[in-house]
There are 2 protein chains.
Amino acid sequence: MRAEPGGGVEEVGSVLGALADPTRRRLLDLLAAQDAATATTLAGLLPVSRQAIVKHLGVLDAAGLVVGSRVGREVRYSLRPAGLDATTRWMSSLAADWDRRLAAVKRVAEAAERDST
Amino acid sequence: MRAEPGGGVEEVGSVLGALADPTRRRLLDLLAAQDAATATTLAGLLPVSRQAIVKHLGVLDAAGLVVGSRVGREVRYSLRPAGLDATTRWMSSLAADWDRRLAAVKRVAEAAERDST
DNA sequence: AATGAGTGCAACCACATCGTTGCACATCCC
DNA sequence: GGGATGTGCAACGATGTGGTTGCACTCATT
């Protein structure tokens, strides 16, 4: 079963982990630019072997960010709108979450400031 | 020199990498909940050694998400509002970026749909 | 049917990462 | 001063990760 961002805590890590690698981010960029591509094609655009690309696509797939579908003898990979969409939403909520916490931290800092002066 | 999210591409990776580890995310949670804490204290709250905590805090510091300041014989670590703030902003812009691309992908998909029918 | 392009699987290597332990050094407090 | 507490450094081990290569297999094309 593929990871569905927005679900459990486990998925958070898989998405962040997938996004942490620069080659995988480039892969997402490339896929966004051309809708769909095969591992072999992508390997021609990046300075790594096809097998390395395949592994990266596997990680991205496991994180629910990408999907591959077989067409004849080749496998076309493309972005997974649902997964990416969920990820962006989750990121926004995480950002909001942190905003709340930072606000709390700032309040404490200001209170300490007042106490010391 | 510490990483400043919102700056170059390199920092993106360091922040995502820092956030990818569950123990580090818990560390951020704990720091958000109590404003400041030492590595020794934090080690008491998590199932890992103090040294492991120290390393994690080092990674978080390198990503600009946390800061440690010496107070007598102990070192108090706390969240770094500037770094986290920049990170949340960057995440939002990344999300927006993806939204644009996904919209483009969807247009292409719909066009293909029209062509094939 | 035979060749070529594309994929899948497995072994392997180098290196990073997460975790440990042991010990030396600094600092507070009696 | 001397003991307790906290930090810093270093070595080490296990495991994960990014990358490679080699080879077998599948499918299209002629």
Side-chain angles (χ1 to χ4, degrees), chain A residues 2-3 9-31 34-78, chain B residues 2-3 9-31 34-78:
Chain A
R2 218 172 272 116
V9 173
E10 196 55 42
E11 287 76 4
V12 172
S14 74
V15 172
L16 285 171
L19 260 40
D21 185 272
T23 300
R24 282 193 288 267
R25 287 198 301 274
R26 286 221 56 199
L27 236 28
L28 288 178
D29 282 354
L30 291 172
L31 286 178
Q34 51 193 292
D35 176 43
T38 69
T40 303
T41 300
L42 292 167
L45 302 173
L46 294 179
V48 294
S49 71
R50 172 184 64 96
Q51 288 301 333
I53 301 285
V54 170
K55 285 192 191 177
H56 283 305
L57 288 172
V59 174
L60 289 171
D61 173 72
L65 302 176
V66 129
V67 182
S69 64
R70 183 144 217 147
V71 178
R73 90 182 134 187
E74 60 187 22
V75 179
R76 300 231 173 91
Y77 287 88
S78 55
Chain B
R2 218 173 272 116
V9 173
E10 196 56 43
E11 285 75 4
V12 171
S14 74
V15 172
L16 285 171
L19 260 39
D21 185 90
T23 301
R24 282 193 289 266
R25 286 197 301 275
R26 286 220 55 198
L27 235 30
L28 289 178
D29 282 353
L30 290 172
L31 286 177
Q34 52 192 291
D35 176 43
T38 69
T40 303
T41 299
L42 292 167
L45 303 174
L46 294 179
V48 295
S49 70
R50 173 184 63 95
Q51 287 301 332
I53 300 286
V54 170
K55 285 190 190 176
H56 283 306
L57 288 172
V59 173
L60 290 171
D61 174 73
L65 303 177
V66 130
V67 182
S69 64
R70 183 144 218 147
V71 178
R73 93 183 133 184
E74 59 186 22
V75 178
R76 300 230 173 91
Y77 287 89
S78 55

(message) Holding to side chain to side chain contact (heavy atoms under 4.5 Å, CB included), I want the full list of residues that pass it with A:Ala43, two or more places apart in sequence or in another chain.
(response) A:Arg50, A:Ile53
(request) Not counting sequence neighbours, which residues clear salt bridge (Lys or Arg N to Asp or Glu O under 4.0 Å) with A:Arg26? List them please. (result) none
(message) Between P on C:dC18 and CZ on B:Arg25, what's the gap in Å once rounded to a whole number?
(response) 12 Å
(request) Establish, with yes or no, whether the OP1 or OP2 oxygen of D:dG19 is under 4.0 angstrom from a side-chain nitrogen or oxygen of A:Thr23. (result) yes
(message) Would you say that A:Leu57 contacts A:Leu42 through its side chain, given a criterion of any heavy-atom pair below 4.5 Å between the two side chains?
(response) yes
(request) Determine to 10° how strongly the helix from C:dA1-D:dT30 to C:dC30-D:dG1 is bent, judged from the axes of its five-pair ends. (result) 20°
(request) Using a 4.5 Å cut-off on heavy atoms from C-beta on, say whether the side chain of A:Gln34 contacts that of A:Leu30. (result) yes
(request) Calculate, to the nearest 0.5 Å, the distance between atoms NE2 and CG belonging to A:His56 and A:Leu46 respectively. (result) 8.5 Å
(request) Report yes if a side-chain nitrogen or oxygen of A:His56 is closer than 4.0 Å to either non-bridging phosphate oxygen (OP1 or OP2) of D:dT17; otherwise report no. (result) no
(request) Round to the nearest Å and state the distance from B:Asp21 atom CG to D:dG16 atom P. (result) 14 Å
(message) Please find the pair of heavy atoms, one from B:Asp35 and one from B:Ser78, that lie closest to each other, and give the distance.
(response) O-CB, 3.1 Å
(request) May I have the distance from B:Ile53 (atom CD1) to C:dT17 (atom P), rounded to whole angstrom? (result) 18 Å
(message) Suppose we screen for side chain to side chain contact (heavy atoms under 4.5 Å, CB included). Which residues come up paired with B:Ser49, at least two apart in sequence or across chains?
(response) B:Gln51, B:Ala52
(message) What is the separation between atom CG on B:Leu57 and atom C1' on C:dT17, rounded to the nearest whole Å?
(response) 16 Å
(message) Rounded to whole Å, please give me the gap between CZ in A:Arg24 and C1' in D:dG18.
(response) 9 Å
(request) Heavy atoms under 4.0 Å is the rule here; annotate nucleotides 4-15 of chain D 5' to 3' with B where the base is hit, S where only the sugar-phosphate is, and - elsewhere. (result) BBSBBB------
(request) With sequence neighbours excluded, give me every side-chain hydrogen bond (donor to acceptor under 3.5 Å, both in side chains) pair touching residues 37-48 of chain A. (result) A:Thr38-A:Thr41
(request) For residues B:Val54 and B:Ala39, report the shortest heavy-atom separation together with the two atoms involved. (result) CG2-CB, 3.7 Å
(message) Let me spell it out: for each of A:Val71 and A:Val48, pick the nucleotide of DNA chain D with the closest heavy atom. Which residue's pick is nearer the 5' end?
(response) A:Val48
